[in-house]
Amino acid sequence: MVAATGNADTSVGHGELIKAVDLALTTHGRALLTGPAGAGKTEVVRAVAAAAEARRESVLCLAPEAADQWIPEASAAALLASVPAAALDQLSGPQRTAIALLRREADAPRAGRDHIALRLAVVEVLRTLAARQPVLLVLDNAQWLDAESTDLLRFALRLTPPRVRVLVAECVQGGASVGEPLCGPGVPAIRVPPLGADEVAELLVRHCLPARLAGRIHQASGGNPRLALALGHSLAEAAEARDSSAHHADPLPVSGQAREVARRLLAGVSAQARRTLLLAALASRPTTSLLRRAGRPDAEAELAEAERAALVRVGEDGTVEFTAGALLTALAADAGWPERAAGHAALAAAVDDPVQAVRHRALAVDTPDQWLAAEITEAAAVCRRRGQRALAAELGLLAADRTPSWLAGEELARLVTAAEDAGWAGRADLARRATRAVLSRDASPADRVRARLAVMDAAGQALGALDETFAYAMDEAAGDPSLQAAVQLRIAWKHNLSDGDPVRSRDAAAEAGRLAALGGDQTAEAMALTVRARMGRILGDTDAEEILAEALALPAPEVPLGMRNAPQYLAVRHALFDDRLADARRQLMVLLPAVQRTGSAEDVFEVLRSLTEVELRSGRCEAASAHARRALELTIEAGLSPGPAWYVAAMAEAMGGSFARAAAYARRGIQASQEEQDQVFLSRSLHALGLVELATGEAAKAVATLRRVAALEAAQQVVDPSVLRWHGELAEALIAADAPGEAAELLDRVRTVALGLGRTGVVAALDRARGLCLSAQGEADAGVHLLESTARRFDDLQLPLERGRTLLALARVERRRRRRAPARAALRAAAEVFALAGAAPWTELAREPAPGEGGGAQAPAAAVLTEAETRLALLVSQGASNQEAAAKLFLSVKTVEARLTRIYQKLDVRSRAQLATALRTR
């Protein structure tokens, strides 16, 4: 066989794995690659084989199929069929005859064959090939080798020379490993790890699938690439069939190809183990003891078998967790109704929680039952009090389904309540299901509006696709001021999030407040005032704080409709914008347990998001990263819109983690926000990406990215620069890209607004950029003085990371002036600030190079050339005169001379020869 070429997805999560396989082959000559079906073993094998071919090695590939394991010597015949004819010329007569018989008559009786000659022939072929060039023998799908071929290869590989390297990839499915005896004792066994959520997102993007579904697909696939793609394609097909885009919280359709992949994974265990797995799939919180009580006495052994097949993880306390959510769906779908009903009946008698007992009893029958429906309704109320709103919604739908037809009023009430629970929990699938049921019945306009409101509340950031729902809700709410207020309130949210229009949002909120006051709904009135205050802050309205105070003065409801929309939370955001970080943190620590009790995943996310931002600005990067991780985990678990979570992760990584990971998160956030038409978080993710590009010296890219932020903010009519602080970054990027004049104009314009609104932290950030601008315009003394005073102001404001960035800028300016001692002092001070804050990537930027690195003790951050300077430096170092460089770059000679002077200063060189040396070193 000819080695297959690489695959476009090989690099997704497999780069380090390929290196590990290459290292094992180089060190030991043998490598064993293992993992479940669909994990990506074949892609890794193909990449390793392609690399070997590129090195002009002789590559022999064998990839048997499932049917081949029953045909004696079938795989050996396939392998020998791929050997060049020249390698067979030197064989003895009996050996050539044995190979010829095998290749012509692989399915003929074996009795007449000379098996000793055949074995020796295989050994001789491998030796002949190895004498000419190194050989890589690749055996993919080794679990499907027939027994006779396995024995033949085991014999041959024991006698091959070191120039024959062997890579075996197999999926162990309950039986013994084939690869270990083939490769011999001590072979390095490398397991293909599952993809992470980021890698699943990249995989989806490469296949033109919605990135916003990455979290759900990662959870459902367990990071198995084949299953992830199958689920993604199933979702895309389902969305196309219903002529709408798939929602981020929709249930994943485990059908078609996805079902087949899941079945292949489950086929790796015995029928007894699958029965135990089905029971675990039906349980909400499966444990080994629960499964034993439910009639599986050998649960430990059967789960151990499933764990070896990478289907479940069993904790020390006996908890059972499936590695891929799709396995649960596949198990339940493939079991018949009698088997599922029996499983639920067994679990109903075994569980400790009365709520779960009621749930299982309800799922064990499929006929209406008045008393059972009442029990389920009470269980849903218990869940509501516990904050388990998603489970309450599921139980509410189940109660409605078990309600007899002659109790139509009770059934409708249960459906409406279930819809509201689903809306609260952000479960769009359950909200739509309950709402469809409500609309199909003789429901009152009020009930129809309540159900439609639940669909809006469950939509998360994707309100832009609900215009028709809004239109029907407005029509049905006519004549009821309270209902009209509720609809108008959500229209206000939509105008902000999806339309990016704070003026229309503010106006809709004002109308909502008027209607709420008319209907006596103080909760809706407070929320409407909150929207007005939020939009007023964005638009720079001077009365925004007074409106917020008015909202705070209204009686606070015990459980408001979303803490994220309550005035108490907006007060926290304003404290953050005003750099009153201690106040913001104190209030958030009060809100966090409160929102966790309510059961709203979006509220918990919002508090975690704000905590991340507060901790970052306070210089506590480790705490910020912990909050960001929790926010991302919650987003995936609850099926929330991922754009905001990816933005939060990007900012945490940009300050305290890794610039590369920050850029990856930011790009995910950009794509997800574009897919959901979320203008607010599109701006934020772009800002995070622009910040990373600026920090890593990609000035031109940073300018382009941050200009997009500026355009979005202008389209959204944002006036207050404290809400999203991109202005200083854009100015710094413009300066680095040789456009200090444009930067100065931007700084003057924004500084006037910031001073008028009293945004002292923003003014300080603008002054940092102004210091760099003064230096670039030849006023270095003024620039240094401004940067020094700005660093002191950031210290007074207790914004350590901003102070560190200012000291870094000061070091850059001092280096350009060839004042090495002050530059080093500023650099060391910045490094101390960043290290104390746990800002790892910025600490690295402020690192002083070892002697001789990068041109003496020059700091990398202080010597970064802009792209325009790099182009000129390369031309000059290659021998171009100033006139020639000017002609090629379409510049004046005077501009070339001025730019070349700056390059010499940055790199601390005095001649073209030194410039060429410095560039080679860099």
Side-chain angles (χ1 to χ4, degrees), residues 3-4 7 9-49 51-52 61-66 68-69 75 136-147 149-150 153-154 157 165-196 199 221-228 261-270 273 303-314 322-324 327:
N7 185 283
D9 297 322
T10 303
S11 61
V12 180
H14 290 153
E16 293 302 316
L17 188 64
I18 293 168
K19 292 178 184 177
V21 172
D22 275 331
L23 179 61
L25 288 171
T26 301
T27 307
H28 301 278
R30 303 283 191 272
L32 175 59
L33 193 64
T34 67
K41 299 183 297 299
T42 296
E43 305 308 329
V44 174
V45 163
R46 287 175 176 174
V48 173
C61 286
L62 175 62
E65 298 180 356
D68 295 335
Q69 63 186 316
S75 293
L136 175 64
L137 175 58
V138 176
L139 302 177
D140 196 9
N141 294 332
Q143 73 275 8
W144 289 329
L145 283 171
D146 60 276
S149 294
T150 302
L153 288 169
R154 184 166 58 240
L157 294 179
R165 299 183 301 156
V166 182
L167 172 58
V168 177
E170 69 173 340
C171 174
V172 179
Q173 296 182 317
S177 169
V178 174
E180 289 181 12
L182 276 177
C183 295
V187 58
I190 303 168
R191 187 169 183 84
V192 180
L195 298 181
E199 292 160 342
S221 67
N224 183 292
R226 187 181 300 166
L227 183 53
V261 175
R263 282 172 175 162
R264 287 177 63 181
L265 292 169
L266 291 166
V269 296
S270 64
L303 289 171
E305 180 187 345
E307 195 167 24
R308 287 193 297 272
L311 299 176
V312 297
R313 288 182 289 267
V314 182
F322 282 85
T323 55
L327 298 175

Any side-chain heavy-atom pair from Arg30 and Leu182 closer than 4.5 angstrom? no

For Gly38 and Asn224, the nearest pair of non-hydrogen atoms, with its separation, is O-OD1, 2.8 Å

Please report the interatomic distance OG1(Thr150) to CG(Leu139), rounded to the nearest 0.5 Å. 9.0 Å

side-chain contact (heavy atoms from CB on, under 4.5 Å) partners of Ala39, counting only residues at least two apart: Pro36, Val192

To the nearest 0.5 Å, atom CG of Leu145 lies from atom CG of Leu62 at 6.0 Å

Do Val166 and Leu153 make a side-chain contact, defined as non-hydrogen atoms from C-beta onward lying under 4.5 Å apart? no

Residue pair Lys19 / Leu23, side-chain heavy-atom distance below 4.5 Å: no

Any heavy-atom pair between the side chains of Val138 and Val48 that's under 4.5 Å? no

Crowded around Glu180 CD? As in, over 12 foreign heavy atoms under 6.0 Å? no

Val187 side chain near Val168 side chain, heavy-atom distance below 4.5 Å: no

Can you name the closest pair of heavy atoms from Gly268 and Ala309 and give their distance? O-CB, 4.4 Å

Close side-chain approach of Glu170 and Leu32, heavy atoms under 4.5 Å: yes

Over all heavy atoms of both residues, which pair between His28 and Pro188 is shortest? Give the atoms and the distance, please. CD2-CG, 3.1 Å

Please report the interatomic distance CG(Asp22) to CG(Leu167), rounded to the nearest 0.5 Å. 9.0 Å

When every non-hydrogen atom of Ala52 is compared with those of Leu136, the smallest separation belongs to CB-CD2, 3.7 Å

Decide yes or no on side chain to side chain contact (heavy atoms under 4.5 Å, CB included) for Lys41 and Asn141, but give the supporting numbers first. CA-CA 9 Å; Lys41 299 183 297 299; Asn141 294 332; 5.6 Å; no

Minimum heavy-atom distance between Ile18 and Ala47, given as atom pair plus value: CD1-CB, 3.6 Å

Side-chain heavy-atom pair Leu303, Glu307 within 4.5 angstrom cut-off: no

Closest heavy-atom pair, Gly222 versus Pro194, reported as atoms and distance to 0.1 Å, is O-CB, 3.2 Å

